[in-house]
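Quick notes on the structure that follows.
Note: hydrogens, waters and symmetry copies are ignored here, and every other heavy atom, side chains too, is used.
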Amino acid sequence: MTFPQNISLCASLVLIQVCIYNASDKVDDPLDSPDEIELTDGWYPIKAVLDKVLRKAVENGKIYVGQKLQIFGAQLDGLSEPLPPLEGLSRRKIKIFGNSTRRARWDAKLGYQRPRCFPFRVSLGSLDGDGGPVSAVDVVVMRKYPLLVMETLPDNSKAVRSQRGEEIAAMQHQERRANLFQKLLDERNRGKKENGNATWIALQLTPKRRI
């Protein structure tokens, strides 16, 4: 269902590992650094590209042939258009990530899990900086701090305000802008009026032509 692109691959699924690959061929030696593993849902096989965390897990024997893996948020690689499941076996791959891949129970049902788009939770202590996206983390909010706003003033000093203080500062700023605009408008109107009076006086003092 994934390769015809009827269902999003970014879902929770359980696959079983059937073999390990290095850069050249299939390997059985755990000391050889693995680049890919082959997974299956019991019907169709697919290669999975490993990140640094998962490669290390394979090397240490934590992930082995016959191990079921629970995966969330995998990414389709090497396939730009929909294909039937048995076509393009050499080109299609998925990318899986250490932070969103866990060993599944031995009796876990293979394939998509229900609900499909509900990620499984992982602990903060199990996360790795090289492990890619995280499926989900269950956290408890102990304290909620109020919103603070920091402004850099013209003299490069910093002003930190609460949300209410920022609203007051914004109102004062708008008031100063309005006053400045009104002042400039008054000066403009006063200048136009003075220029108009000077023009009228000049016209009165100009001698009229006698015809």
For [X] against [Y], the heavy-atom pair lying closest together:
X      : Y      : answer
Phe120 : Ser12  : CD2-OG, 4.3 Å
Leu54  : Asp51  : N-OD1, 2.9 Å
Asn99  : Pro133 : CB-O, 3.2 Å
Tyr64  : Gly61  : CD2-O, 3.5 Å
Ala104 : Gln67  : O-NE2, 3.8 Å

To the nearest 0.5 Å, how far apart are [atom1] in [X] and [atom2] in [Y]?
X      : Y      : atom1 : atom2 : result
Lys183 : Arg176 : NZ    : CZ    : 14.0 Å
Lys56  : Asp130 : NZ    : CG    : 9.5 Å
Gln70  : Gln113 : CD    : CD    : 6.0 Å
Asp107 : Lys109 : CG    : NZ    : 12.5 Å
Ser100 : Phe72  : OG    : CZ    : 8.0 Å
Leu110 : Thr40  : CG    : OG1   : 7.5 Å

- List the steps, then state whether salt bridge (Lys or Arg N to Asp or Glu O under 4.0 Å) holds for Lys93 with Glu36. CA-CA 9 Å; Lys93 299 177 182 179; Glu36 300 173 352; 2.6 Å; yes
- Message: Which residues end up grouped with Leu184 if you chain together Ile, Leu, Val, Met, Phe, Trp and Tyr wherever their side-chain heavy atoms are less than 4.5 Å apart?
- Response: Leu180
Quick check: is [Y] connected to [X] through a chain of hydrophobic side chains (ILVMFWY, heavy atoms under 4.5 Å apart)?
X      : Y      : answer
Leu124 : Val134 : yes
Leu50  : Ile46  : yes
Val18  : Ile37  : no

- side-chain contact (heavy atoms from CB on, under 4.5 Å) between Ile96 and Leu15: does it pass, once the steps are laid out? CA-CA 11 Å; Ile96 58 177; Leu15 302 176; over 6 Å; no
Are [X] and [Y] close enough that some pair of their side-chain heavy atoms sits under 4.5 Å apart?
X      : Y      : result
Val122 : Ser135 : yes
Arg161 : Leu148 : no
Leu13  : Asp41  : no
Glu151 : Lys158 : no
Val137 : Leu127 : yes
Leu39  : Ile71  : yes

- Lys47/Glu38 salt bridge by N-O under 4.0 Å criterion: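 No.
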- Query: Would you say the side chains of Arg102 and Ser126 form a donor-acceptor pair under 3.5 Å?
  - Reply: yes
- Would you say Lys68 has more than 12 foreign heavy atoms packed within less than 6.0 Å of its NZ? yes
- Neighbour count >12 (heavy atoms, 6.0 Å) for atom CD, Glu175: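 It does not: Glu175 CD has 12 such atoms or fewer within range.
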- Item | Test item: Asp155 side-chain N/O and Ser157 main-chain N/O as donor-acceptor pair under 3.5 Å | yes
- Query: Do Ile94 and Val49 pass the side-chain contact (heavy atoms from CB on, under 4.5 Å) test, and can you show the C-alpha distance, the side-chain angles, and the key distance before you say yes or no?
  - Reply: CA-CA 6 Å; Ile94 59 173; Val49 181; over 6 Å; no
- Message: Let's go through Ile20 and Val58 carefully: what are the C-alpha distance in whole Å and the side-chain angles of both, what is the deciding distance for side-chain contact (heavy atoms from CB on, under 4.5 Å) to 0.1 Å, and is it a yes or a no?
- Response: CA-CA 9 Å; Ile20 304 172; Val58 174; 3.8 Å; yes
